[in-house]
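Working notes, beginning with the structure itself.
None of these values were measured; they are calculated from a predicted model. As the structure lists them, so they are numbered: ligands from 1, and atoms in each ligand from 1.
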Amino acid sequence: MIIKRLFSSSFRTQLMINNQWVNSSSGKTFKTINPSTEEVITEVQYGTPADINKAVDAARKAFDGPWRQVTAVQRSELLYKLADLIEKNKEELAQMETLDNGKPITDSREVDLPSVISVYKYYAGFTDKIFGKTIPMNGPFFTYTRLEPKGVVGQIIPWNFPLLMQAWKLAPALAAGCTIVLKPAEQTPLTSLRVGELIIEAGFPPGVVNIVPGYGNTGASLAVHPKVDKIAFTGSTEVGMEIIRNSGIHGLRRVSLELGGKSPNIILDDADLELAVSQSHNGIFFNQGQNCDAGSRLFVQEGIYNDFISRAVQCAKDRKLGDPFDPTTIQGPQVDENQMMKILNYIDIGKKEGAKILTGGKRWGKKGYFVEPTIFTDVTDNMTIAKEEIFGPVLSVLKFKTIDEVIERANNSNYGLSAGVVTNDMEKALKIVNGLRTGTVCVNCYAVTTEGTPFGGYKQSGVGRELGEDGIMNYLETKTVVVKASTDTLP
Ligand code: NAI
Ligand code: MG
């Protein structure tokens, strides 16, 4: 089936500062690559510290000026307008996402774009529901709190869900009344720039959203900028820790982080076998395994183990890899050569440390950064592939006997992002749910996250929560107002 391409070479490739499209101050550009063909799509302007400076100044001016005069209802209208424009252009955006990231077009169309639109609409509806409290004081005072926008926010996003991560960051920050400098990932800048065009078209005033593409050094200069009040980051734990360490340089910035994971997924003996196979398959292989909440440590109870493994291997073998623009493709390429090499290296380490490959284990094809869906068994807790985030289509299967044992082993990780349990016994499920130290636990499903559900991690998986009410609180400061009252106004 041939898809009519909705874009030609008319990509936005410049920086968006103050609602203007400008070149990098250095004149430097970087290539963005189609990961399924390894061909260059286009060259994008490479933001420098001087460009970040300009963008932050624009955001500061907008925050201290016109944006503070915009009412909650007007912010809501702007966000709904943006959601409508994304909806109107969703097929083009889905195709552009698939081109730049490599994810199958069916996922872009049916998962990413609908979720993006829902997130903008959810926060469009939140702007006038940001409530303070009235507080009883022991004395003649009228005391209340106001929730106010944090100010200028720097947002640094990854490449695994470019449009969706942009929505998770922009929507709550705009709803709260902040202004923003956003740095998209170097692998996938195209869709965020296209959304930039739609932001201008929706009528957001100049400086409210600024988009500066570039590499890690562009992000690093944003993360230490003295006029930035808050940094929101999604990406590797390593960079997240650097951002925390640097948050006190040139002032003090608030920080929220959504980082890596090595999430346990637990299949009990009494589980519905078919459900367990499909839940764990999608839990690891969806989006080429490039999910912070991937169920990459699969604990299977000994009674169901043999039946489960043979079905799970068959399911992985049946997974259809190929051209991501083919609507029947289920798995596309990894985002770039670095990620592919990282995954293949972990597969090597797994073999050397004594784990057994039941299917996959190699690069797929000669062109494009494809990796076969891979299942390792005989994995023990201390192996590298059971401890470190692989961020690819590689499943480590571990066997267990008792519930207490699996809770302890599942928690024995530096990470604590997500988890899953498959069972028909709700008492056992709840014992596991309450025992796990992770930000999310899904029972008889996996990684179900929608705009209203808080998302984030314990331990080294992050700081703070995105989405839902928690997501908007990330961008608000509490102001306490104490008004001296005369005693006769009191009850
Ligand atoms: P990364 O953390 O280096 O990149 C994420 C974003 O941070 C990109 O926009 C990047 O340009 C920016 N960045 C890089 N260095 C920075 C710095 N020093 N200061 C500020 N911003 C910086 O992640 P990368 O290299 O793309 O992937 C490495 C691993 O990180 C992956 O294999 C995966 O394990 C993990 N990862 C986790 C993600 C998640 O959703 N939690 C998303 C992407 C990667
Ligand atoms: Mg990196």
Side-chain angles (χ1 to χ4, degrees), residues 30 32-33 35 44 46-49 52 100-101 103 112 154-166 168-169 181-189 191-192 211-225 228 231-247 249 253 255-263 286-294 296 334-346 369 371 384-385 387-394 414-418 439-440 447 449 455-457 459-467:
F30 65 94
T32 186
I33 311 265
V44 175
Y46 190 146
T48 64
I52 288 288
D100 212 12
N101 167 281
K103 65 177 67 201
D112 294 49
Q155 303 187 320
I156 302 167
I157 58 171
W159 42 262
N160 50 342
F161 295 90
L163 280 167
L164 189 58
M165 292 300 104
Q166 185 184 38
W168 283 27
K169 294 284 182 286
V181 177
L182 179 124
K183 197 210 74 74
E186 56 270 32
Q187 295 87 345
T188 53
T191 47
S192 65
I211 304 175
V212 184
Y215 277 68
N217 53 352
T218 315
S221 65
L222 179 58
V224 297
H225 199 289
V228 169
I231 288 286
F233 171 81
T234 299
S236 61
T237 291
E238 186 192 359
V239 172
M241 286 188 168
E242 183 185 318
I243 288 175
I244 284 265
R245 279 195 302 274
N246 291 345
S247 64
I249 294 181
R253 278 160 299 281
V255 174
S256 54
L257 305 171
E258 203 265 276
L259 309 176
K262 191 77 193 176
S263 297
F286 171 65
N287 207 38
Q288 296 63 249
Q290 302 168 142
N291 302 305
C292 47
D293 56 356
S296 52
Q334 309 309 126
V335 79
D336 66 8
E337 189 175 0
N338 279 342
Q339 290 299 314
M340 180 183 75
M341 295 313 295
K342 172 185 167 181
I343 296 160
L344 295 174
N345 186 44
Y346 272 118
Y369 310 121
V371 177
T384 309
I385 58 167
K387 290 196 291 200
E388 296 183 12
E389 181 174 59
I390 300 176
F391 225 62
V394 181
N414 292 333
Y415 293 115
L417 191 57
S418 198
T440 299
T449 299
F455 185 86
K459 301 190 254 181
Q460 291 178 27
S461 290
V463 176
R465 295 289 181 273
E466 297 192 278
L467 302 178

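In this structure, atom 24 (P) of ligand 1 lies nearest to the protein heavy atom Trp159 NE1, 3.9 Å. Residue, atom and distance of the protein heavy atom nearest to atom 13 (N) of ligand 1 are Gly216 CA, 3.6 Å. Among all non-hydrogen protein atoms, the one lying nearest atom 35 (C) of ligand 1 is Glu389 OE1, 3.4 Å. In terms of protein heavy-atom proximity, atom 25 (O) of ligand 1 is closest to Gln339 NE2, 4.7 Å. Scanning the protein heavy atoms around atom 39 (C) of ligand 1, the nearest turns out to be Cys292 CB, 3.5 Å. For atom 44 (C) of ligand 1, the nearest non-hydrogen atom of the protein is Phe391 CE2, 3.9 Å. With respect to atom 2 (O) of ligand 1, the closest heavy atom belonging to the protein is Ser236 OG, 2.7 Å. Of all protein heavy atoms, the one lying nearest to atom 32 (O) of ligand 1 is Lys342 NZ, 2.5 Å.
Less than 4.0 angstrom separates some heavy atom of Ile156 from each of these atoms of ligand 1: 6 (C), 7 (O), 9 (O), 12 (C), 20 (C), 21 (N). The contact set between ligand 1 and Tyr215, taken as ligand atoms under 4.0 Å from a residue heavy atom, comprises 11 (O). Residue Glu258 approaches ligand 1 through these ligand atoms, each under 4.0 Å from one of its heavy atoms: 41 (N). When each atom of ligand 1 is checked for a heavy atom of Ala185 under 4.0 Å away, the hits are 9 (O). Per-residue contacts place Lys183 under 4.0 angstrom from the following atoms of ligand 1 (heavy atoms of the residue considered): 9 (O), 10 (C), 11 (O). Each of the following atoms of ligand 1 lies closer than 4.0 Å to a heavy atom of Gly219: 19 (N), 20 (C), 21 (N). Those atoms of ligand 1 that come under 4.0 Å of a heavy atom in Glu242, given as number and element, are 18 (N). Heavy-atom proximity to Pro158, at under 4.0 Å, picks out these atoms of ligand 1: 42 (C), 43 (C).
With contacts defined as side-chain heavy-atom distances shorter than 4.5 Å, the pair Asp293/Ser461 does not qualify. Inter-residue side-chain proximity for Pro162 and Asn101 is flagged as met; some heavy-atom pair is nearer than 4.5 Å. Counting only heavy atoms from C-beta outward, the side chains of Tyr415 and Leu259 never approach each other to under 4.5 Å. A heavy-atom distance below 4.5 Å is found between the side chains of Lys169 and Thr234. Val255 is not listed as a side-chain neighbour of Val463, based on a closest heavy-atom distance of 4.5 Å or more. Between Pro184 and Ile211 there is a side-chain heavy-atom pair separated by less than 4.5 Å. The closest side-chain heavy-atom distance from Asp336 to Trp159 is not below 4.5 Å. Residues Phe391 and Ser236 fail the side-chain proximity criterion, which asks for heavy atoms closer than 4.5 Å.
The main-chain N or O of Gly457 is found under 3.5 Å from a side-chain atom of Arg465 such that the two form a donor-acceptor pair. In terms of modelled atom types and a separation under 3.5 Å, the side chain of Glu389 and the main chain of Lys262 share no donor-acceptor contact.
Contact annotation for Met165 and ligand 1: no heavy atom of the residue comes within less than 4.0 Å of the ligand. Within the 4.0 Å heavy-atom criterion, neither part of Glu238 lies near ligand 1. Of all the heavy atoms of Ala223, none lies under 4.0 Å from any atom of ligand 1, so neither backbone nor side chain is involved.
Looking at Ile157 next to ligand 1, an N or O pair under 3.5 Å apart turns up. Between Leu259 and ligand 1, at least one pair of N/O atoms sits closer than 3.5 Å.
Taking the centre of each ring, Phe161 and Trp168 stay at or above the 6.0 Å mark.
Atom 11 (O) of ligand 1 lies below 4.0 Å from at least one non-hydrogen atom of the protein. Contact annotation for atom 4 (O) of ligand 1: protein absent (non-hydrogen atoms, distance under 4.0 Å).
Checking Thr32 against Asp100 by side-chain atom types alone, a donor-acceptor pair falls below 3.5 Å.
A side-chain hydrogen bond (donor to acceptor under 3.5 Å, both in side chains) with Lys103 is found for one member of Asp112, Thr188, Asn160 and no other, namely Asp112.
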Would Glu388 and Tyr346 satisfy side chain to side chain donor-acceptor pair (under 3.5 Å), going step by step from the backbone distance to the final call?
CA-CA 9 Å; Glu388 296 183 12; Tyr346 272 118; 2.5 Å; yes
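Residue contacts with ligand 1 include Phe233, since one of its heavy atoms falls under 4.0 Å from the ligand.
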